[in-house]
Each structure stands twice: as structure tokens, then as C-alpha cells.
2 protein chains.
Amino acid sequence: MTPDSQEPRWLTAEQRLAWLDMVRVLTRLPATLGAQLERDAGLTFFEYHVLSMLSEIPGHALRLSRLAQLTSSSLSRLSNVVKRLEARDLLRREPDPADGRASRAVLTAAGMAAVEQAAPGHVTLVRELVVDPLDAVQLDQLHAAHERILDRLDPASSTRPEWLET
Amino acid sequence: MTPDSQEPRWLTAEQRLAWLDMVRVLTRLPATLGAQLERDAGLTFFEYHVLSMLSEIPGHALRLSRLAQLTSSSLSRLSNVVKRLEARDLLRREPDPADGRASRAVLTAAGMAAVEQAAPGHVTLVRELVVDPLDAVQLDQLHAAHERILDRLDPASSTRPEWLET
DNA sequence: TCCAAATAGTTCAAGTTTGAACTTTCTGTC
DNA sequence: GACAGAAAGTTCAAACTTGAACTATTTGGA
């Protein structure tokens, strides 16, 4: 194995500008979406994401470990959030009959209603901030870039929901 | 003023896939970069970002409110972080002579050393995850998309550091 | 000049996230 | 079938973030 060179390859001026703008998006976009959801629906961005995943899956139920992959969260984080959401009656946990270690999170009717109530405002803001300012080609290019980045971030691609068809 | 239509314009299947992949990037990328910085340099991503902004500015000093804009953070969050960084001697606060309400954060020698120690590993990971998997054209397209998104997120563009030339 | 409103920053309590340690159940191998 | 190790969740304390309330200055009119 050759040793790493002492100096890394620094970013060029252009790369650095691109990266700084990406950091701004990475920071502000979740904050802005989260603030809207919190205000209008009393949900954090992450809570919404959890409920929304469940609402879209056939059966509205998923193992916590799978849900953690799909939402890119640690099991610990998810466990805490699921406990809170269960206390609010938005979902419930039930043991997985197929595996004694596992639990499944199941969306309740109230949880479904919460997603349905929150979704329009959320989607409108996603459109306003991300989808509408880009034309179809640009959105495609953005998606392609994200796919490449995800290949590095998550080589197993285990976070891509298998029920979504391209 | 025409009323909003009751139903929002939902996302098309393609838009939805693009958005879901963007959410994955938004979630995982900061977490991954943060974990590396924490492990190797004892800094959160945000702390690194603050110190790194200071390290790049002429004079290594900035008003807190300007630093908050540049790092896309609330003044409250910044104030907390600056207090911690000051306790670790990585920067210090001094009153702004020009305005009795304001303080300036000034990078210390130890703070500069911390940035210099953390930067190589951080830059290497940014390259690995974002810059290198894209070719120059794709990175440009990504940057262009981010610029449009930032126009919506931050219409005043006040977060773009004026000392950076394109 | 004076005062209302705006700006800069701090603080505090409440809520969230993290990572490590732990329990329970499952799996593969001998 | 027994056991080591992996996998699924949970929990706890420490750390971090948030928003609201607060103090202290400054600014822009009347």
C-alpha cells in the first residue's frame, strides 16, 4: 500500500465555491422545511419523513431497522422518535411475528391523517424551493449528481426503497 | 389575490425520486462529514465551518451577526458555539469598537492550528464523496442548481461571502 | 432632542440527537 | 444441540439546537 501523500489535493477555486454553496443548501434547506412543518403540522422534518415513508408503503408498516435505513437515521434516533410518535398515537409498534428481535412500526389512522394534513404545505414548499426553480433537465442533472454522491455515501444502496419504480 | 387551490401540485414520479434522493444526501452527507471531523479533530461540522470561515477571512475576525449569516445559522446557535469555542481557546470574542452592541469573533493561533489540522482529512472526504465522483461539467451543473435553490432560500444572498471572487 | 423601533447578542428551558452499553433473539458452525 | 457472534431494539447521559424572552445599544424620524 502506498502511503497517503502528506498534503491532500486541495479544492480549486471553482470547486470550493461549488462546495460552499452546497453547504449552504445542506444547512438551510432542512431548516426551512423543518420550520414550516413544525409551524403548520407540529412535526419535525424527520418525523414527517418517517410518517410519510410509512404512508407510502403497502400495508403502512415497516420494521424499525428497515425504516432506519430508508430514513438514513440511526436506530437509536429512530427508536426515540418512534416512541414519541407512538405516545402521540400517530403510529404503534407491534412485535414482528417473523423475528422475535424485531418490531414493526404501523401507521395509525391518526398518523395517516397527520401526513395528509401536512403534505400539501410541505410539497408546495419543496416545489417552491427546489423543483420549480429548476427546469426538467436541471432537475435531472441534480438527481444524477445525487445518485453519484449516494453511491459513495451508501455503496450498498440499501436506503433506496425497493417499492419505488424508476 | 386569487386563493390557493385546495390541492397542491403534487410531484411527478420523477420529481419525487429526485427529491427523495436529495433528502438522502441532505441527511447523510452532513452526518458523514460530521462524524469524520468529530473523530479526527474533535469538532462538529458546524464548529469546523465557523473556524474555517474565520481562517479564510482577512484579519481572521468577524462580527457574530455576519458570521451567523455566512454559516447559515441563527445568532442563538452561533452564540452558544462561540462560547464553547472560546472556552477551548480556539477563538476569542472582543467588543466591536464601531458598534457597542456588536462583538467580533477572532481566531486564535490555537484555532488556526485546529483548522489546519482538521482541513486535510475533511477536504479529502469532501473530494471522495462529492467532488471526485462528478466530472467538471456535472459539478458545474450541481453548482448552478444550488445557486437557483439558494435564490429561493435566501433571496438577499447575504450569505455569500463578499471576499470570495468567482 | 427624544423616543419608538430595530439590531446585536445572551440566556434559559425544553426538546432532540448521539454514541456507548445493554438485553434479547437469531444464525451458522462445530 | 450448544455456543459464539451478529442483529434488533432500547436506554441513558452528555451534548447540541431551538425559540422565546431579555438586555443593551443604535438609528431614524417627529
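Below, chain A is the first sequence line, B the second, and so on; all start at residue 1.
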Completion exercise
For B:Gln141, the side chain to side chain contact (heavy atoms under 4.5 Å, CB included) test, sequence neighbours excluded, returns A:Gln141, B:Val137, B:Gln138
Handout entry: Residues in side chain to side chain contact (heavy atoms under 4.5 Å, CB included) contact with A:Ala110, at least two apart in sequence or another chain
Key = A:Leu90, A:Thr108
Problem - Relative orientation of the end axes in the helix from C:dT1-D:dA30 to C:dC30-D:dG1, expressed as an angle to the nearest 10° (five pairs per end) - result: 30°
Would you tabulate the pairs of protein nitrogen or oxygen atoms and nucleotide nitrogen or oxygen atoms of nucleotides 23-25 of chain C closer than 3.5 angstrom?
unit_1	atom_1	unit_2	atom_2	d
C:dT25	O3'	A:Gly100	N	3.4

Handout entry: Residues which pass salt bridge (Lys or Arg N to Asp or Glu O under 4.0 Å) with A:Asp140, listed by chain and number, not counting sequence neighbours
Key = none
Handout entry: Distance-only side-chain donor-acceptor flag, B:Arg24 / A:Ser72, under 3.5 Å
Key = no
Problem - Side chain to side chain, A:Pro120 and B:Trp10, heavy atoms closer than 4.5 Å - result: yes
Handout entry: Contacts of type side-chain hydrogen bond (donor to acceptor under 3.5 Å, both in side chains), residue B:Arg92, not counting sequence neighbours
Key = B:Glu94
Practice task
Tell me which of A:Pro97 and A:Ser74 sits closer to the 5' end of DNA chain C, going by the nucleotide each one is nearest to.
Solution key: A:Ser74
Practice task
Check A:Arg104 against A:Pro97 and note the closest heavy-atom contact, atom names and distance.
Solution key: CD-CD, 4.4 Å
Exercise for the section: Apply side-chain hydrogen bond (donor to acceptor under 3.5 Å, both in side chains) to B:Arg101 and list each qualifying residue two or more places apart in sequence or on a separate chain. Expected result: B:Asp99
Handout entry: Contact under 4.0 Å: B:Arg63 side-chain N or O vs C:dT7 OP1/OP2
Key = no
Exercise for the section: Measure the distance from NE2 on A:His49 to C1' on C:dT16 and round it to the nearest whole Å. Expected result: 18 Å
Exercise for the section: Quick one: label A:Arg104 by what it contacts on the DNA or RNA (base, sugar-phosphate, nothing), any heavy atom closer than 4.0 Å. Expected result: nothing
Exercise for the section: Enter the distance from A:Met22:CE to B:Leu26:CG here, rounded to the nearest 0.5 Å. Expected result: 8.0 Å
Problem - Spacing between B:Leu75 atom CG and C:dA6 atom C1', to the nearest angstrom - result: 14 Å
Practice task
Would you list the pairs meeting salt bridge (charged side-chain N to carboxylate O under 4.0 Å, His left out) in which at least one residue belongs to residues 109-138 of chain A, sequence neighbours left out?
Solution key: A:Arg127-A:Asp132, A:Asp132-B:Arg9
Handout entry: Separation of B:Gln36 CD from B:Leu129 CG (nearest 0.5 Å)
Key = 9.5 Å
Practice task
Using a heavy-atom cut-off of under 4.0 Å over every strand shown, decide if B:Arg39 touches base, sugar-phosphate, or nothing.
Solution key: nothing
Problem - Spacing between A:Glu38 atom CD and C:dT16 atom C1', to the nearest angstrom - result: 11 Å
Completion exercise
Residue set satisfying side chain to side chain contact (heavy atoms under 4.5 Å, CB included) with A:His60, at least two apart, ordered chain then number -> A:Leu107, A:Met112
Practice task
Specify the separation, in whole Å, of atom CZ of B:Arg77 and atom C1' of C:dA14.
Solution key: 17 Å
Handout entry: Set of side chain to side chain contact (heavy atoms under 4.5 Å, CB included) partners for B:Ser76, sequence neighbours left out
Key = B:Ser74, B:Asn80
Exercise for the section: Please list, by residue number, the residues of residues 79-92 of chain B whose heavy atoms come closer than 4.0 Å to an atom of DNA chain D; answer none if no residue qualifies. Expected result: B:Asn80, B:Val81, B:Arg84
Handout entry: For chain B, the stretch of DNA chain D it reaches, first to last nucleotide, under 4.0 Å of its heavy atoms
Key = D:dC16 to D:dT26
Practice task
Look at all strands and tell whether B:Ser76 reaches a base, only sugar-phosphate, or nothing, counting heavy atoms closer than 4.0 Å.
Solution key: base
Practice task
Let me know the distance between CZ of A:Phe45 and P of C:dT17, rounded to the nearest Å.
Solution key: 12 Å
Handout entry: salt_bridge(A:Glu147, A:Arg152) N-O dist < 4.0 Å
Key = no
